[in-house]
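Throughout, residue positions are numbered sequentially from 1 according to the sequence presented. Counting starts at 1 for both ligands and their atoms, in listed order.
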Amino acid sequence: MSFIRTSVGNDVGEIILDRPKALNALDQTMIDDMHRVLLEWGDDDAIETVLVTSASPRAFCAGGDIREIRTNALAGDTAAITRYFAGEYGLDQLVAEYPKPYIALIDGAAMGGGLGISVHGELRIVTENALIAMPEVGIGFFPDVGSTYFLPRLPEGVGMWMGLTGARIRGADAVALGLATHYVPSADLDGVAQRIRDGAGLADALAEYREPVTTDLPLTKIASYFPLGADPVAILGGLQGAVGDEWCDEMATLLQASSPTSVAVTAALLEAGAQSSLAQCLERELHAAEQITVTPDFAEGVRAVLVDKDRNPSWTPATLDEVDPAVVARIVGE
Ligand code: QUE
């Protein structure tokens, strides 16, 4: 196998993400290999628990193989794009339905696709190094991997805030919000992982780490400025109306830096996702991914963030109030 390694012992199967140069971004081979291994282990009586870890000290998983998708989009290879996202979302659904405890250890960045292979699982153990976000609006895409299911189910406003601004949160925040289940100091993580590998039993391995965690996130502001179902133009107007509020200024700046079409599509997908099953969300996301990857904003956003890295994308249209609702409806498919 290419970028994932596996090891089995004491009834525990471990998948090690091992593509450190790309921060473990999931390419087609990693998605396919992981899917095959999980199916095998699901039926294997010798495996009781699945552990997913990273060989990179910096990242659990930075996302998907967005550069390759852009290459395929520019070459007109829509079949490759469909194969990629159908495979990735199929893997996310399998993690959600997995018949055995599935535990992700997140000691670095977990963004986009990295959340897809962790959040839907039974346990997500995070440290102070965890950096969690759905940053896709910044590359002309939208929060996918089943996030249109889990974001609307977070505390009021948080899903819209994370999805529309790409805000990054830390490990303790993720536990407080329910995105993660356990907080373990990074210095203790190897010990916890080793006790899981030794077949110590999960309850024992995690017994010390059940204390409630607190968050400094401005949850009241998030709830009031980012309500589910709100029009992003109105959200931006609300933030700009809060004159002199530093947090609102920062959020307005973030919102305006992203692809306006992506922001509008994200708001619509999260609103629809609140009423849908995970499978329905993933199906809607697949349609939206096929549509949005052939728009100019996707090629331009990936260029600016991951190819040329000038971080200065030129969006079409350039502002939220110019976004055509018919274009959003076509991408979302409703
Ligand atoms: C949005 C994304 C991704 C991103 C940045 C965004 C993404 C992704 C990567 C990434 C980062 C570092 C790498 C790499 C990929 O960045 O999905 O290969 O070395 O994979 O703003 O969705």
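Cation-pi contact between Arg153 and Tyr149: present, with separation from the ring centre below 6.0 Å and deviation from the ring axis of at most 45°.
Here the closest heavy-atom approach between residue Val294 and residue Thr78 is recorded as CG1-CG2, 4.4 Å.
Relative to atom 9 (C) of ligand 1, the option among Ala62, Gly63, Ala304 with the closest non-hydrogen atom is Ala62. Evaluated by nearest non-hydrogen atom to atom 13 (C) of ligand 1, the leading choice among Ala22, Ala109, Pro20, Pro135 is Ala22. Taking only non-hydrogen atoms, the option from Gly112, Gly113, Gly64 nearest to atom 17 (O) of ligand 1 is Gly64.
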Are Ser2 and Asp33 close enough, and set up right, to give a side-chain contact (heavy atoms from CB on, under 4.5 Å), and what steps lead you there?
CA-CA 8 Å; Ser2 46; Asp33 290 347; 3.6 Å; yes
Quick one: do Leu123 and Leu206 satisfy side-chain contact (heavy atoms from CB on, under 4.5 Å)? Show the steps, please.
CA-CA 11 Å; Leu123 298 178; Leu206 294 171; 4.0 Å; yes
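Expressed to the nearest 0.5 Å, how far CD1 of Ile117 lies from CG of Leu94 amounts to 12.0 Å.
Near Ile139, with a cut-off below 4.0 Å to any heavy atom, the atoms of ligand 1 are 1 (C), 2 (C), 6 (C), 21 (O), 22 (O). Short contacts between ligand 1 and Glu136, defined as distances under 4.0 Å to a heavy atom of the residue, involve ligand atoms 22 (O).
Among all non-hydrogen protein atoms, the one lying nearest atom 5 (C) of ligand 1 is Val305 CG1, 4.2 Å. Of all protein heavy atoms, the one lying nearest to atom 18 (O) of ligand 1 is Arg67 NH2, 2.8 Å. Distance from atom 12 (C) of ligand 1 to its nearest protein heavy atom, with residue and atom name: Leu23 CD1, 3.7 Å. Atom 16 (O) of ligand 1 has its closest protein heavy atom at Leu306 CD2, 3.6 Å.
Results of the side-chain contact (heavy atoms from CB on, under 4.5 Å) test with Tyr102 over Leu51, Val52, Ile15, Thr49 single out Val52 as the only residue that passes.
Considering both main-chain and side-chain atoms, Ile66 never comes within under 3.5 Å of ligand 1 through any nitrogen or oxygen pair.
The main-chain N or O of Gln291 is never found under 3.5 Å from a side-chain atom of Thr295 such that the two would form a donor-acceptor pair. No donor-acceptor distance shorter than 3.5 angstrom exists from the side chain of Ser7 to the backbone of Glu14, with no hydrogens or angles considered.
Contact annotation for Asp65 and ligand 1: no heavy atom of the residue comes within less than 4.0 Å of the ligand.
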